[in-house]
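Worksheet: one structure, shown below.
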Amino acid sequence: MRFGIVKCHGSGNDFPMIDAREIELSAVEWATVARALADRRGAVGGDGLLLLGKSLRSCDFSMAMFNSDGSEAETCLNGLRCVARMGFEALGIDQARVALKTSEALVERVPELAPGVYSVLETAGPASLDVAAWPMVGEAAPLVERAIPRLPGERRFTAVAMPNPHLVAFVEAVDEDELVRVGEVCEAAPDWLPNRANVSFVEVRGNALFVRTFERGVGLTDSCGSAMAASTYAACLTGRIGWDRETVVLNRGGMVRARAGEDAMVSIAGNATYEWTGSVTVDLGSGTAGDLVIEAWRNDEIAAWGAVADEAAWG
């Protein structure tokens, strides 16, 4: 089956993206497409697959995101900005309500964060501290800066759902080996955490946050939008930054500007960068992708984001 795709990224979190409004495939088939297209060893590569979908629940359009392992995420805020851009351009609008898997989000085009950087403001939430809904068995809510005995080490975590589940630990310096050890325990879907969780270590750098994430279904990733949102909310909840204060959130892939309110809503302004457009064939039987044709490079957008990356120092 042949698909038109846009290769895009939000804060370095990169994806193949498909306008799926007129494509009828089952969730199992889309999972196959996601594994084929997001495979870093394959024709395209990415952290997952983004789909622009039809209007649902009175929203302007919908979004689905499948991780590179084929699992479907509740949300992906870096990806949402890219889907919002595709939806804006398809419908001729500049703001929308988007239906996600289990929630909704508001998106709108905003002035460029930097020259040539297409930018979107997204508002998601409310963030939830109800770990029973994940579920996380055997832990009472709220779980705020508490050790979790079943995880390696003695880090204290705050558990936040955006609505996908996140464990956030504030650290003096990120130890990636430790982050991977903790992340792999969660990724194994133990009986006490059957739906897994994203794990982030967060440094407070003056008025900014630096976030490093082991993402559910992906592994150690340069950027995770919902992790940046969860980390911002956790930082406000624990008094490290103020409510309703715009904060620069840095990661290996780039940066966003985030704001969390006491109403548990989190807003993120960040890039939605197109790298190229093209088409590719996916064999649904073998789960492989090939015959990639790149029709147009977006070198101006690549260069514009590169200038942002060169200027920022996110570790």
How far does OG1 of Thr75 sit from CD of Glu104, to the nearest 0.5 angstrom?
11.5 Å

Specify the closest pair of heavy atoms between Asp283 and Gly285, including all atoms of both residues, with the distance to one decimal.
OD1-N, 2.8 Å

Once rounded to the nearest 0.5 Å, what's the spacing between atom OH of Tyr274 and atom CD of Glu301?
8.5 Å

Do Arg21 and Leu52 come close enough that some side-chain heavy atom pair is under 4.5 Å?
yes

Please answer whether the main-chain N or O of Asp291 pairs with a side-chain N or O of Arg2 as donor and acceptor at a distance below 3.5 Å.
yes

Will you find, in the side chains of Arg196 and Ser71, an N or O donor that is under 3.5 Å from an N or O acceptor?
yes

Is the closest basic N to carboxylate O distance between Arg150 and Glu139 below 4.0 Å?
yes

Glu203 (side chain) donor-acceptor with Val174 (main chain) under 3.5 angstrom
yes

More than 12 heavy atoms of other residues, nucleotides or ligands under 6.0 Å from CD of Glu295: is that the case?
yes

With the side chain counted from C-beta on, respond yes when Met228 and Ser223 share a heavy-atom pair under 4.5 Å apart, and no when they do not.
yes

Just so I know, are the side chains of Leu209 and Val204 near enough to count as touching, which here means a heavy-atom distance under 4.5 Å?
yes

Where Gly183 and Val199 come nearest, the two heavy atoms and their spacing:
CA-CG2, 4.1 Å

Answer yes or no: does atom CG of Asp191 have more than 12 heavy-atom neighbours from other residues, nucleotides or ligands under 6.0 Å?
no

Is Met136 close to Trp192 at the side-chain level, that is, under 4.5 Å between some pair of heavy atoms?
yes

Does NZ or CZ of Arg240 fall inside the cone over Phe170's six-membered ring, less than 6.0 Å from its centre and within 45° of the axis?
yes

Are the side chain of Asn195 and the backbone of Trp134 linked by a donor-acceptor contact shorter than 3.5 Å?
yes

Tell me whether the count of non-hydrogen atoms from other residues, nucleotides or ligands lying under 6.0 Å of CZ in Arg245 goes above 12.
yes

CG (Leu100) and SG (Cys59) are apart, to the nearest 0.5 Å, by 8.0 Å

Between Ala140 and Arg146, the two heavy atoms sitting closest are O-NH2, 3.1 Å

Side-chain heavy-atom pair Val83, Met65 within 4.5 angstrom cut-off:
no

Answer whether the closest heavy-atom distance between the side chains of Leu167 and Leu151 falls below 4.5 Å.
yes

Test side chain to side chain contact (heavy atoms under 4.5 Å, CB included) on Tyr118 and Arg109; report intermediate values, then the result.
CA-CA 8 Å; Tyr118 190 108; Arg109 186 173 183 182; 3.3 Å; yes

For the hydrophobic clusters of this structure (ILVMFWY residues joined by side-chain heavy atoms under 4.5 Å, transitively), does one cluster hold both Ile5 and Phe61?
no

Can you find a pair of side-chain heavy atoms, one from Ser68 and one from Asp47, that are under 4.5 Å apart?
no

Would you confirm whether Ser119, through its side chain, and Val117, through its main-chain N or O, come within 3.5 Å as a donor-acceptor pair?
yes

Minimum heavy-atom separation for Ala36 and Val282, please, with both atom names.
CB-CG1, 4.0 Å

Run the side chain to side chain contact (heavy atoms under 4.5 Å, CB included) check on Val248 and Asn207 step by step: do they pass?
CA-CA 7 Å; Val248 173; Asn207 294 322; over 6 Å; no

Between Asp130 and Ser128, a side-chain donor and acceptor under 3.5 Å:
no

When clusters are formed by joining ILVMFWY residues with side-chain heavy atoms under 4.5 Å apart, either directly or through shared neighbours, do Ile268 and Met63 land in the same one?
yes

Check for me, please, whether Met255 and Val211 land in the same ILVMFWY cluster - side-chain distances under 4.5 Å, paths through other members count.
no

Test side chain to side chain contact (heavy atoms under 4.5 Å, CB included) applied to Val182 and Arg155, step by step:
CA-CA 10 Å; Val182 176; Arg155 294 287 182 195; 5.8 Å; no

Are Trp243 and Leu129 connected in a single hydrophobic cluster, I mean Ile/Leu/Val/Met/Phe/Trp/Tyr linked by side-chain heavy atoms less than 4.5 Å apart?
yes

With no hydrogens and no angle check, just 3.5 Å: does a side-chain donor-acceptor pair link Asn198 and Ser226?
no

Given 3.5 Å as the limit, does a donor-acceptor pair link the side chain of Ser62 with the main chain of Lys54, or not?
yes

For Lys7 and Gly45, indicate whether the former's side chain and the latter's backbone hold a donor-acceptor pair under 3.5 Å.
yes

Does either side chain, that of His166 or that of Ser200, offer a donor lying less than 3.5 Å from an acceptor on the other one?
no

Over all atoms of both residues, closest heavy-atom pair of Ala208 and Thr247:
CA-CG2, 4.2 Å

Has Asn271 got a side-chain atom pairing as donor or acceptor with Ser11's backbone, closer than 3.5 angstrom?
yes

Close side-chain approach of Leu25 and Met1, heavy atoms under 4.5 Å:
yes

Say whether Val98 and Met17 are linked into one hydrophobic cluster, either directly or through other cluster members, by side-chain heavy-atom distances under 4.5 angstrom.
yes

Please check if the side chain of Asn251 supplies one atom and the backbone of Gly254 the other of a donor-acceptor pair under 3.5 Å.
yes

Within this structure, what is the CG-CG distance for the pair Asn164 and Leu77, rounded to the nearest 0.5 Å?
7.5 Å

Polar side-chain atom of Arg212 near backbone of Thr221 as donor-acceptor pair, under 3.5 Å
yes

For Cys186, does its backbone N or O pair with a side-chain atom of Arg216 as donor and acceptor, under 3.5 Å?
no

Closer than 4.0 angstrom, basic N to acidic O: yes or no for Glu122 and Arg85?
no

Mind checking the CH2-CG spacing from Trp276 to Asn299? Nearest 0.5 Å is all I need.
13.0 Å

Could you measure the distance from the CG atom of Asp39 to the CG atom of Asp69? Nearest 0.5 Å is fine.
12.0 Å

Are Arg40 and Asp14 within salt-bridge range, i.e. N to O under 4.0 Å?
yes

Which word best sums up how the rings of Phe3 and Trp30 line up, parallel for under 30°, tilted for 30 to 60°, or perpendicular for over 60°?
tilted

Nearest heavy-atom pair of Pro163 and Thr102: which atoms, and what distance?
CG-OG1, 3.5 Å

Check step by step if side chain to side chain contact (heavy atoms under 4.5 Å, CB included) holds for Leu50 and Met86.
CA-CA 11 Å; Leu50 300 176; Met86 180 177 274; over 6 Å; no

